[in-house]
Number of protein chains: 2
Amino acid sequence: MTVPISATAAQAHVSPLKVTPASPLFLREDEIRRGIELLYFGYTSMIRGADAILEAQGLGRAHHRSLYFIARRPGLSVGELISLLGITKQSLGRVLNDLGHRELVEQRVGVADRRQRLLTLTASGAALEARLFTELERSMARAYGEAGQQAVTGFWAVLMGLVPPADRPQVEALQS
Amino acid sequence: MTVPISATAAQAHVSPLKVTPASPLFLREDEIRRGIELLYFGYTSMIRGADAILEAQGLGRAHHRSLYFIARRPGLSVGELISLLGITKQSLGRVLNDLGHRELVEQRVGVADRRQRLLTLTASGAALEARLFTELERSMARAYGEAGQQAVTGFWAVLMGLVPPADRPQVEALQS
DNA sequence: GCAGATAAGTCAACATGACTGTCCCAATTT
DNA sequence: AAATTGGGACAGTCATGTTGACTTATCTGC
């Protein structure tokens, strides 16, 4: 964590970042397009920060996503990770093989169901994930700080609204 | 446009989508991770809707991005599009060749600078882009409507905060 | 007017990360 | 005992990105 865990950090910016506010006619095409574009540029800006670290390790974004979710939910099964990432078993297989051979991820046999392989990070895997997380966090914490607490709540609400209702429980479940 | 241009549309949902609000300690790791995850799932949920249309045309997401920005800024140059997409000339070249051969995009010689190739959509290109936009819009309009006008302003503020300040003018410039 | 810079296009080779289809094994469920 | 499920593997393909080098046309500064 590069950000102190204190309320004063949240108050570092007394005046939130000014953006043109949404108008009462906020479903007009212009305002829809503004959301599409900001979502595209915001998303790509955030993840770009981790790319240099990944490239130095010979890894890609697919590896990062797996590391991230294994860090977030230690002991999740291969099937759960496939479901979160929305990719096929074959696609994930190669990524997990890479991460296993580099000793960044370990598998244990499931306790309740011995067919399952439960995924955890090794010490070096956790260290790498922490470095990658710090990059994302730097970007996100700056954005949160500039926009302010109330804006963050709105940010979450719109993003959750983009997720099809059927998929929302899975996203909510990531919150501990 | 599938959404009526009227103030009543914005009031269709009287009670905004409830999400756990950001806490005063909104720079804690948990709340940063929540933003990272919602951004990932929200972004992928939004663009997934257009994939079926693209696949039926034998096109991919790279083609969609080009069509989108050419629709947004008709007459932009190849170099401007490269800058917006953040890819190389070679990568874009293949996409523009595809779109040209299918007669979805046209090039005109620049007026001020005859080295430039200014890009516009053909009638069929505009029709396809409109269908793709409608898919994104359906998702975004639902999210806006569920979250409410004030949330949308916060959504924009955080996303703009994610964009490095040096890149912000380019994003702002897309707004007409 | 000429030299150098710039906008765009192209060729070749390559990496990543997704896909499909098929087959297999072990463990669980019915 | 049979069917289903979780996971792994092989083979092939496709989309989309990369670097490097080269060409052509055009613009700009001296």
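Order of the sequence lines fixes the chain letters, A, B, ..., with proteins taken first and strands second; residue numbering starts at 1 for each chain. Computed from a prediction, not measured in an experiment: that's the story for all the values here. Quick note: numbers below take in every heavy atom, side chains included, and nothing from hydrogens, waters or symmetry partners.
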Point to revise | Exam field: side chain B/R108 to backbone B/R117, donor-acceptor pair closer than 3.5 Å | key: no
Check your understanding: Looking for any heavy atom pair under 4.0 Å, which part of the strands does A/Q107 touch: base, sugar-phosphate only, or nothing?
Key -> sugar-phosphate
Exercise for review: Provide, to the nearest angstrom, the distance between the NZ atom belonging to A/K89 and the P atom belonging to C/dC23.
Suggested key: 14 Å
**Study point:** Heavy-atom donor-acceptor pair, A/R168 side chain to A/V163 backbone, under 3.5 Å
**Key:** yes
Review point. Hey, does the side chain of B/S124 reach the backbone of B/E103 with a donor-acceptor pair shorter than 3.5 angstrom?
Key: yes
Check your understanding: Atom CG of B/L39 and atom CZ of B/R34: how far apart are they, to the nearest 0.5 Å?
Key -> 13.0 Å
Practice item. Under the side chain to side chain contact (heavy atoms under 4.5 Å, CB included) rule, what do B/R72 and B/Q175 come out as? Steps first, then yes or no, please. Key: CA-CA 9 Å; B/R72 184 64 157 154; B/Q175 298 299 116; 3.0 Å; yes
**Study point:** Interface limits on DNA chain D, where chain B has a heavy atom under 4.0 Å of a nucleotide atom
**Key:** D/dT16 to D/dC27
Check your understanding: What string of B, S and - do you get for nucleotides 25-30 of chain C 5' to 3' if you count protein non-hydrogen atoms under 4.0 Å?
Key -> --BS--
Practice item. Consider only side-chain heavy atoms of I, L, V, M, F, W and Y, link residues closer than 4.5 Å, and tell whether A/L118 and A/Y68 are in one cluster. Key: no
Review point. At under 4.0 Å between heavy atoms, what does B/G79 touch on the DNA or RNA strands: base, sugar-phosphate, or nothing?
Key: sugar-phosphate
Review point. Per the side chain to side chain contact (heavy atoms under 4.5 Å, CB included) rule, which among B/L67, B/L128, B/L59, B/I47 passes with B/L54?
Key: B/L59
**Study point:** Heavy-atom donor-acceptor pair, A/R131 side chain to A/A50 backbone, under 3.5 Å
**Key:** no
Exercise for review: Find the bend of the helix from C/dG1-D/dC30 to C/dT30-D/dA1 as the angle between its two terminal axes (five pairs each), to the nearest 10°.
Suggested key: 40°
Practice item. Determine: side-chain N/O of A/T88 to OP1/OP2 of C/dT20, distance under 4.0 Å, yes or no. Key: no
Check your understanding: What string of B, S and - do you get for nucleotides 12-17 of chain C, 5' to 3', when a contact is any protein heavy atom under 4.0 Å?
Key -> -----B
Exercise for review: Measure the NE2-CZ distance between A/H63 and A/R94 for me, rounded to the nearest 0.5 Å.
Suggested key: 8.5 Å
Exercise for review: Nearest whole angstrom, please: distance from the C1' of C/dA8 to the CZ of B/R108.
Suggested key: 16 Å
Study note, to complete from the structure: Residues of residues 99-106 of chain B with a heavy atom under 4.0 Å from any atom of DNA chain C, listed by number, are none
Point to revise | A/F41 backbone acceptor or donor facing A/S45 side chain under 3.5 Å | key: yes
Exercise for review: Would you kindly give the CG-to-C1' distance between B/L81 and C/dA7, to the nearest whole Å?
Suggested key: 14 Å
Exercise for review: Could you tell me whether B/E80 atom CD has more than 12 heavy atoms of other residues or ligands within 6.0 Å of it?
Suggested key: yes
**Study point:** Stepwise salt bridge (Lys or Arg N to Asp or Glu O under 4.0 Å) test for B/R115 and B/D113
**Key:** CA-CA 5 Å; B/R115 292 172 303 180; B/D113 185 337; 2.8 Å; yes
Practice item. Answer with base, sugar-phosphate or nothing: what part of the nucleic acid does A/E80 contact at a heavy-atom distance below 4.0 Å? Key: nothing
Point to revise | Any donor-acceptor pair under 3.5 Å from A/R73 side chain to A/A173 backbone | key: yes
Practice item. Using salt bridge (Lys or Arg N to Asp or Glu O under 4.0 Å) as the criterion, list what pairs up with A/R33, not counting sequence neighbours. Key: A/E29, B/E129
Review point. With no hydrogens and no angle check, is any side-chain donor or acceptor of B/S91 less than 3.5 Å from a backbone partner on B/I87?
Key: no
